[in-house]
Amino acid sequence: MTALFIRDFRLALRAGGGALVGILFFLAVIAVVPFGVGPDLALLSRIGPAMLWIGALLAALLGLDRLFQADRDDGSLDLLVMAADRHMLGVTVLVKCFAHWTATVLPLVLAAPMLGLFMNMTPLAIGATALTLLVGTPAITLIGAVGAALAVSLPRGGLLVSVIVLPLTIPVLIFGVSAAYGATTESAPFLAPFLILAAITLFFAVIGPLAASAALKFSTD
Amino acid sequence: MTDTAAQPTRLLDLANPTRFLSLAGTLLPWLAGLSALVLAAGLYMSVNAPDDYQQGMTVKIMFIHVPFAWLSMMCYTLMAASSVGTLVWRHPLADVSAKAAAPIGAAFTALALITGSLWGKPMWGTWWVWDARLTSVFVLFLMYLGIIALSRALDDPAKSARAAAVLTLVGFINIPIIKFSVDWWNTLHQPASVLRAGGSAIDPTLLRPLLVMALGFTLLFFTLHMMAMRNEIWRRRVIAMRRMAARRADEKGEEA
């Protein structure tokens with residue numbers, strides 16, 4: 001399993017600068033926001049956490065179709081599915097998701113504080129947003145694994161993955177943003193939405209790999 | 001024990017598409033006629049229902065909005081049950097049922113959203129608010145569209161049915177969220193008022209037409225669903241026959 005993690009991690013980093021493209025997309029989305037809403041610093045700092053979350057969500061969805069596609073192209077996906085009697089396929093999928101998250105989504109979380117400066121956010125808001133992103137983005141990858149596994153046998157699955165995954169990620173976005181706002185405003189609570197966010201991540205850590213492995217089995221037989 | 005053993009066999013009897021088609025052929029006229037009758041009665045009762053003391057005439061939107069909203073959730077539950085049938089028992093009619101239900105469910109959800117929006121404008125003063133109930137139903141609508149897109153993306157009906165079934169079951173999380181969203185969050189949409197502990201909060205003069213309309217639309221749903229399933233079976237047979245005809249023509253060409 002560690003070997004699989006390291007292999008996937010290396011492949012994701014080397015395959016055409018996967019992580020870098022994600023960060024560039026994230027940067028582009030955040031850079032477009034001031035042009036859309038105007039360079040009003042007070043407004044930008046108010047909508048900052050939400051914009052960071054939306055940008056990170058879109059950037060995380062961008063690379064999802066590659067989660068199983070490359071393995072399917074070179075045939076190693078069939079080997080992984082056939083090895084399911086030695087390791088549970090769900091665990092394999094979980095490890096793959098974790099490697100994918102570390103290689104492509106974790107850099108987004110690390111880049112978020114710098115982009116937060118562009119949005120004129122206070123240090124507290126930046127820290128809270130980065131923390132909620134760290135806890136919440138694994139859920140996006142785990143939900144996305146289901147979509148990626150469903151669309152793996154489609155010729156042009158990339159867009160379909162985003163379409164079928166986006167509705168399911170809405171709860172993650174809601175609680176992530178409300179926790180980030182809870183940290184900065186006095187009236188709103190921080191801990192309750194933050195704990196729900198963590199619960200969503202843990203919940204999909206179970207459901208996501210199971211559903212994805214079921215979909216992978218059906219697509220290969 | 002015998003009950004649980006008898007249940008799957010009775011379901012398996014229906015697995016034979018020919019038997020299902022003959023059953024659908026006999027049931028459909030009755031079902032269609034009954035739903036037309038009940039809907040006509042429901043509409044008559046709705047028109048004659050008294051105006052609400054606060055909402056006036058607009059309360060009549062409820063008689064079509066609420067049944068559509070109920071059915072949008074029931075249809076998804078039916079699709080989830082069919083998906084379990086597809087994945088666990090590989091029941092050949094289950095994927096036909098799930099595939100046929102998706103467009104009907106999407107249409108009913110869209111109608112619930114539209115009628116709710118028409119009702120919200122005079123009552124709340126706005127077409128749309130992002131409150132929990134409305135947002136979760138909107139998410140349900142998007143899920144329907146995603147399932148429709150996925151179940152038609154693959155050429156092999158069995159493969160796409162299983163993919164759509166996995167997605168349907170994952171998306172089933174949304175149904176309890178819709179049901180309880182009005183209790184969990186403080187929303188603009190009113191909490192459950194028909195089915196609740198301590199009796200219904202709606203006056204019987206308004207409740208009776210609502211229930212008749214709900215029954216009528218449920219019958220309409222099952223009529224449409226059965227028709228769509230019959231169409232889907234026929235479509236698959238036509239495709240299979242075309243393939244056989246093509247193969248036969250090919251063999252004949254080789255002999256000549």
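A, B, ... follow the sequence lines: proteins, then strands. Residue 1 opens every chain.
- Two residues are said to be in side-chain contact when any heavy atoms from C-beta on lie closer than 4.5 Å; B:Leu142 and A:Leu166 fail this criterion.
- Taking every heavy atom of both residues into account, A:Ala211 and B:Val170 meet most closely at CB-CG2, 3.6 Å.
- The neighbour count for A:Phe98 CZ, taken as heavy atoms of other residues, nucleotides or ligands under 6.0 Å away, does not exceed 12.
- Between atom CG of residue A:Leu150 and atom OG of residue B:Ser160 there is a gap of 11.5 Å, rounded to the nearest 0.5 Å.
- Using a 4.5 Å cut-off between heavy atoms, B:Leu169 makes no contact with chain A at all.
- Taking 4.5 Å as the limit, every side-chain heavy atom of B:Phe138 sits out of range of all side-chain heavy atoms of A:Ile170.
- A:Pro167 and B:Val139 make their closest contact through O-CG1, 3.7 Å (heavy atoms, listed as atom of the first residue, atom of the second, distance).
- Around CE of B:Met227, the count of heavy atoms belonging to other residues, nucleotides or ligands within 6.0 Å does not exceed 12.
- Scanning all heavy atoms of the two residues, the minimum distance from A:Leu168 to B:Gly171 falls at CD2-CA, 4.0 Å.
- No side-chain heavy atom of A:Ile164 sits less than 4.5 Å from a side-chain heavy atom of B:Met143.
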